Amino acid sequence: MPDVPAFAPSVLADLTGRLLAWYAREGRDLPWRVKGGARPDPYRVWLSEVMLQQTTVATVGPYYAAFLARWPTVGALAGASLDDVLTAWAGLGYYARARNLHACARAVVEHHQGRFPDTEAALHTLPGVGAYTAAAIAAIAFGRRAVVVDGNVERVMARLFALGDPLPGARKALKARADSLTPEAAQAGDYAQAVMDLGATLCTPRNPACGLCPWRDACQGRRLGLAESLPAKAPRPEKPTRRGIAFWAERADGAVLLRRRPERGLLGGMMEIPSTPWREEPWTLAEALADAPLSAEWKPVPGRVRHTFTHFHLELDVVAARVGLNAHARGVWVAPDDLGHHALPTAMTRIVHLALTRKERG
DNA sequence: CAGGCGTGGTT
DNA sequence: TAACCAAGCCT
């Protein structure tokens, strides 16, 4: 890395030591961590790291426990169907992670004798394992010296060294700073988790608790009074609103119609309530009927489903119809009590909730 | 490289 | 309440 450290090597080593001491005292006791310096199961580290991508510890907790109970080993997970994995992942979001998780488990079994490779470079070749996750697994599970850089690390480095260049351009410089603080292999895993804990609990995006920070005396961002404003980020573009009409088809025996979405793209591989395409221009019912999964007397359901995805807001109106037992449509008919056994993302469970609630009130 | 890709908690 | 944000990856 081109940047010359602004801190002397002895200062950097002292900072690393202070952080490790802080971590030994204050580090969180999380389900995927092991105590006493033992090496954790690479499968558990990988599973937790993939779930934690852009997702909070609190949200991950129950999903991690459920996955580990149902699939205790990478071999067990590789033996599962993709649909079972997607169903277990439903509600966690970023469903490409679940597809890659499944593909990665199978790759480990088929190409690595059922054991995760133990180098950063080899890990990086696995589906869904990018630069961050490969470094994290190498350091935490295999005791390798790897420079682990996630959003927490970027924020902490930007503040500690008062680097004002905005993301994402500043990534390279931030990684160089992280490298300068990363200790030898034996402690790299603890160090990585320590910086991330620091970022998650003290050096938070807003209202950082600088007074409690083990690096408070050295932090240039704090000294200059701009810690909270770092790292600089480009403003996000406004989210458009897209609209659609969903078709709640209910058979005489109570079963409702679901269908599977395309394997790639938004909610790829997940189940859905059939609907029109989602577009900014509002739909009329007459116009929407061309997209209905079957011909019926569709009646508006009072209320509206709102949901926000990463890059757009969604507003769905719902229409419902009763159809005969012999009704034919592309998809699967599912009893309401069994909806929980299908891979329904949150946007879809909101449609289910609206339709069933209006039906009860009736 | 920029943009697609979920969701729930916090402010 | 609307906006912001989280232990990123892929194309």
Side-chain angles (χ1 to χ4, degrees), chain A residues 27-28 30-33 44-64 86 89-101 103-104 123-137 139-141 146 148-156 166-172 175 178 189 191-201 203-208 228-229 231 233-242 261-270 272 278 306-314 343-350:
Chain A
R28 293 176 293 175
L30 302 176
W32 42 87
R33 289 184 178 167
R44 299 185 184 206
V45 174
W46 164 72
L47 179 62
S48 67
E49 290 298 345
V50 173
M51 286 186 168
L52 286 164
Q53 289 166 6
Q54 298 288 286
T55 308
T56 59
V57 166
T59 299
V60 164
Y63 285 88
Y64 175 79
L86 287 172
W89 196 276
L92 198 51
Y94 284 135
Y95 297 99
R97 291 186 296 172
R99 303 195 299 270
N100 286 330
L101 191 83
C104 182
L123 287 161
H124 199 356
T125 69
L126 295 169
V129 178
Y132 160 76
T133 305
I137 298 173
I140 296 168
V148 179
V149 182
D150 72 334
N152 287 306
V153 176
E154 289 177 346
R155 183 172 60 257
V156 171
L167 293 173
R171 290 249 151 80
K172 203 169 176 180
K175 179 170 183 178
Y191 170 78
Q193 295 177 89
V195 190
M196 292 190 285
D197 265 21
L198 186 70
T201 62
C203 197
T204 49
R206 282 171 289 186
N207 304 319
E228 190 170 4
S229 69
K233 289 184 181 177
R236 291 229 177 156
E238 193 170 327
K239 290 177 169 48
T241 296
R242 297 183 190 167
R261 294 176 61 85
E263 291 301 316
R264 297 174 169 274
L266 184 70
L267 309 178
M270 301 294 284
E272 68 174 357
W278 303 341
R306 296 173 187 277
H307 187 77
T308 298
F309 293 100
T310 310
H311 53 296
F312 67 93
H313 302 290
L314 178 63
L344 287 171
T346 298
M348 296 301 148
T349 64
R350 290 186 179 171

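Just so we're clear, the structure is a prediction, and the values are computed from it rather than from any experiment. The sequence lines fix the lettering, A, B, ..., with proteins before strands; numbering per chain opens at 1.
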Exercise. Got a sec, which residues hit salt bridge (charged side-chain N to carboxylate O under 4.0 Å, His left out) with A/R242, two or more places apart in sequence or on another chain?
Worked result: none

Any [X] side-chain nitrogen or oxygen under 4.0 Å from OP1 or OP2 of [N]:
X      : N     : answer
A/H311 : B/dG4 : no
A/T308 : B/dG6 : no
A/H307 : B/dG6 : no

Any protein N or O atoms within reach of nucleotides 1-6 of chain C? Criterion: under 3.5 Å, listing atom names and distances.
{"from": "C/dA6", "atom 1": "OP1", "to": "A/R155", "atom 2": "NH1", "distance (Å)": "3.0"}

[X]: what forms a side chain to side chain contact (heavy atoms under 4.5 Å, CB included) with it, not counting sequence neighbours?
X      : answer
A/A136 : A/E49, A/Y132, A/I140, A/V148
A/A347 : A/H307, A/F309
A/T204 : A/P208

Exercise. When the nearest nucleotide of DNA chain C is assigned to A/N100 and to A/W32 on a heavy-atom basis, which residue is associated with the more 5' position?
Worked result: A/W32

Problem set entry | Set of ring pair (Phe, Tyr, Trp, His ring centres under 6.0 Å) partners for A/Y64, sequence neighbours left out | A/W32

For this session: Would you mind checking if A/R33 and A/D197 are paired as a salt bridge, meaning a charged N to carboxylate O distance below 4.0 Å?
Result: yes

For this session: Give one of base, sugar-phosphate or nothing for A/L92, where a contact means two heavy atoms less than 4.0 Å apart.
Result: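 Contact class for A/L92: base.
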
